[in-house]
Amino acid sequence: MVKKQKISSGDTSSGVDGNVSSHTSNPYLSHHASYSTGLGASYGANVTYDQHTETNPWSGEAFSGKYHDILKKRTKLPVYLFRDKLLKTVRENQIVVIEGETGSGKTTQIPQFLVEDGYPTLGSTCVACTQPRRVAATSIASRVADEMDVKLGAEVGYTIRFEDESSDRTVLKFMTDGMLLREAMSDPLLKRYKAICLDEAHERTLATDVLMGLLQEVIPKRPDLKLIVMSATLDAKKFQDYFKGAPLMKVPGRTHPVEIFYTAQPERNYVEAAIRTTLQIHQCESPGDILVFLTGEAEIEDCCRQLRDSAATFPSNVGELVVYPLYSSLPPAAQRKIFSQAPGPRVAGGVPGRKVVVSTNIAETSLTIDGIVYVVDPGFSKQKIFNPRARVESLLVSPISQASAKQRSGRAGRTQPGKCFRLYTELSFKNDLQQATYPEILRSKMSSVVLTLKKLGIDDLVHFDFLDPPAPETLMRALELLNYHGALDDEGDMTEVGYKMAEMPLDPQMAKLLLVSPDYSCSNEILSIVACLSVPAIFMRPKEQAKLADDAKAQFAVDDSDHCTLLNAYNEYLFNNKSRDYCWDNFLNERSLNQADNVRNQLVRIMQKLDLPLTSNDRKSSRYYTAVKQTLTGAMFMQVAYLQRSGVYMTIKDNQSVSLHPSTDVNGKPQWVVYEEFVLTSKNYIRTVTVTNADWLVASAPHYYDLTNFPECEAKGEIEQAYRRMAQRASK
DNA sequence: GAGCACTGC
């Protein structure tokens, strides 16, 4: 009988963690009768979910009608058939890898199974389930709270940046992977958790990868902790090997078949091919919406225009075609349009219309559109690439991976059988596309990750067990940067400065800005600038109104500092009470500024916690901007460019020729600038720059501007003179 | 004189 099984199962798991009492406060274990009936149907046992009146073990009250409706659906999910086997496997193994396809129900059900099996203790420990995206964490938590018939934020909750909907009562918590990593920094053994599910592990986000490495170290020290790695089909074997032969369980999905078509010949122009294919589908295929994958905003808008133009020329016996663009910087209202119904027939009894969504990768994982029957996949996306030698991250249009192509085609089979048109040959799919996209950890700077790992107490980075270790050169670059910023000493150990930097949810250089700012009494100003730099661009520049937008921005412009221009815009936004109209009239992105405000508040709290004074200079005094510029110099001394006699800027030490980005409001061509970022597009550009000088540089970063270790270049002479001036001043 | 795929703390 089910009930008996449950009791013995509870005993088994309590034997593992050696803490029998911990189970007594899990209501599932003290209410076996009500619990087992709730699951009877899926077991094929002699009790079914609707035959008994039941009590909610958490509230002690009768389950609501809604609970039973949902339960009926839950028990039909494929994962339900694996419940017993899964729990048994988890009891017998500390780490389990689960390969679950879309529609298996793994994300919502497996964490609940773990709760039901008694891992968490009400009031002290819980089960965590991580997600790569905030929306996923919140929406799944809400769904699961409904399924368990409890209030969101009580027994079931979520934690994401800026939002904590969890409490002492929370036994099941959905959270972003980054959030769990942050928590690990103050609780390195993750004692709050009895079981951790890393969901969507195949996406290989930076945070999930670091968590997996960390958990490799934590697991032996926490024999009572269970780890469930949940992944889509492709990488499960790799995870299994990484976790030393942890058992692998496969859970089938429930999706509709998708027929794949390839082109016979390679396509020369993928946008053109995508348009042609889309129009053919519209004219020849049965009803159903179309999803087209392209790489970026401009390309998408252009494609939409061409589709609309062509569709307008179609005879009236062809159904109407509505076209929607989709990319992340699109305002939310425009994004929501993709969910509207396809148009009906033009005349009663005529051919129904069709909806086409032309999207970036955002529709590959982040946003799901039901009703898509046709997918057009040209096989490209923009991907971030990091070049450690030049220390440059750039975006390149690159071929997607096989895994990505499969994910895209899967988007056609969510509600009914679908078709996917791949605009490349089958041979190309097999031979040219790599199996999986390179994980983020191999495509990113490591400075922030290294600082996080150091804070987590990982001293030996070289032997840290990464699933895919980053290139040694990338790690060296990170260690070097952290050492120059005083976050790590020459032995590579974390310093007081390093601890403070690690507290801030920012890139190390930005954290350093905040640490330096009180020295120049301008921490309030730097907080505003850092907040603006941590969100999408606050200045809008629609192509059709470029001139007006530039004029609006000119009101805020400071002629020797783009950073101060940002500060002015942010200040005016506050001064105008964060007014929507003010933002609109002045081409400011309200969404970004609002987000910046959130970030700033969070950073203020951290500054206070670290006892860093919040100070300002008088906005009318000349110190106001000067202090900011000195702070920027004091923290960004590794991102400096010098104007050569040839009229081209050269970055210090890295010797890259660069140009000021045309978006700058800095006048003329100043001799020295610090820059926020290096962007590689049609040219090497440095963007968001502030004027500085050799005197400030040698005064604030003598260890970096050390003449004995300074490459021969035009700037060296000025640095030498600055040292001489400094010595003269000192001798007076 | 030019574009910024997508996440996340």
Side-chain angles (χ1 to χ4, degrees), chain A residues 130-137 159-164 175-186 200 203-211 293-302 326-330 359-367 380-385 393-398 400 404 407 437 439-441 443-444 448-449 451-452 455 501-508 510-511 530-531 534-543 546-547 549-550 589 592 595 598-599 602-603 605-606 659-666 677 679-688:
Chain A
T130 67
Q131 295 295 323
R133 284 167 290 279
R134 294 162 51 103
V135 270
T159 311
I160 58 176
R161 191 184 190 183
F162 308 129
E163 273 177 70
D164 183 9
M175 60 208 301
T176 45
D177 49 8
M179 201 67 217
L180 185 61
L181 192 55
R182 276 274 133 188
E183 274 191 22
M185 290 170 71
S186 52
E200 313 290 3
E203 287 193 27
R204 305 291 309 276
T205 64
L206 208 44
T208 295
D209 266 26
V210 175
L211 277 171
F293 284 102
L294 290 178
T295 67
E297 175 178 343
E299 197 177 88
I300 286 169
E301 292 292 356
D302 188 47
L326 177 64
Y327 42 89
S328 75
S329 62
L330 202 64
S359 171
T360 60
N361 254 1
I362 192 170
E364 196 180 294
T365 44
S366 304
L367 257 167
F380 292 95
S381 70
K382 279 192 187 170
Q383 287 167 38
K384 186 174 74 181
I385 314 278
E393 283 181 341
S394 51
L395 278 174
L396 272 183
V397 174
S398 324
I400 61 170
S404 206
Q407 177 72 26
T437 312
E440 204 183 354
I441 200 159
R443 297 183 287 123
S444 310
S448 189
V449 170
L451 191 63
T452 304
K455 167 87 189 204
M501 282 165 63
E503 282 296 307
M504 320 238 186
L506 297 168
D507 254 1
M510 293 249 237
V530 166
S534 311
V535 299
I538 65 163
F539 296 113
M540 312 252 279
R541 196 171 186 270
K543 220 193 261 165
K547 181 75 177 66
D550 290 344
N589 187 330
S592 293
Q595 218 177 315
N598 272 330
V599 173
Q602 185 189 27
L603 295 175
R605 287 194 295 274
I606 294 169
S659 307
L660 300 185
H661 195 271
S663 65
T664 187
D665 284 301
V666 166
E677 59 180 338
V679 285
L680 173 63
T681 49
S682 53
K683 251 164 115 175
N684 285 342
Y685 285 110
I686 48 176
R687 188 161 51 188
T688 315

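Order of the sequence lines fixes the chain letters, A, B, ..., with proteins taken first and strands second; residue numbering starts at 1 for each chain.
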Partner residues of A:Arg443 under the salt bridge (charged side-chain N to carboxylate O under 4.0 Å, His left out) criterion, sequence neighbours left out: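 Here no residue qualifies.
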
List the residues meeting salt bridge (charged side-chain N to carboxylate O under 4.0 Å, His left out) with A:Asp209, not counting sequence neighbours, and say none if there are none.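 Expected list: A:Arg204.
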
At less than 4.0 Å, is any side-chain N or O atom of A:Arg161 found next to OP1 or OP2 of B:dT7? Yes or no.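 For B:dT7, neither OP1 nor OP2 has a side-chain N or O of A:Arg161 closer than 4.0 Å.
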
Do the side-chain N or O atoms of A:Thr176 get closer than 4.0 angstrom to the phosphate oxygens (OP1, OP2) of B:dC9?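 Indeed, a polar side-chain atom of A:Thr176 lies that close.
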
Rounding to a whole Å, what distance do you find between [X]:[atom1] and [N]:[atom2]?
X        : N     : atom1 : atom2 : result
A:Asp177 : B:dG8 : CG    : P     : 9 Å
A:Gln595 : B:dC9 : CD    : C1'   : 12 Å
A:Leu180 : B:dT7 : CG    : P     : 21 Å
A:Leu367 : B:dT7 : CG    : C1'   : 13 Å
A:Arg605 : B:dC9 : CZ    : P     : 13 Å

Heavy-atom contacts, protein to nucleotides 1-6 of chain B, under 4.0 Å, summarised as B (base), S (sugar-phosphate only) or - (none) per nt, yield BBBBBS

How is A:Ile160 classified with respect to the nucleic acid when contacts are heavy atoms under 4.0 Å: base, sugar-phosphate, or nothing? sugar-phosphate

With sequence neighbours excluded, what pairs up with A:Arg182 under the side chain to side chain contact (heavy atoms under 4.5 Å, CB included) test?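 Once residues adjacent in sequence are excluded, the partners of A:Arg182 under the side chain to side chain contact (heavy atoms under 4.5 Å, CB included) criterion are A:Met185, A:Pro505.
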
For A:Ile362, what residues pass the side chain to side chain contact (heavy atoms under 4.5 Å, CB included) criterion, not counting sequence neighbours? A:Leu326, A:Ser328, A:Ser359, A:Thr360, A:Ser366, A:Leu367

Tell me every residue that passes ring-ring contact (aromatic ring centres under 6.0 Å, His included) with A:Phe539, counting only those two or more places apart in sequence or in another chain. none

Is the closest basic N to carboxylate O distance between A:Glu299 and A:Lys382 below 4.0 Å?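 No salt bridge links A:Glu299 with A:Lys382.
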
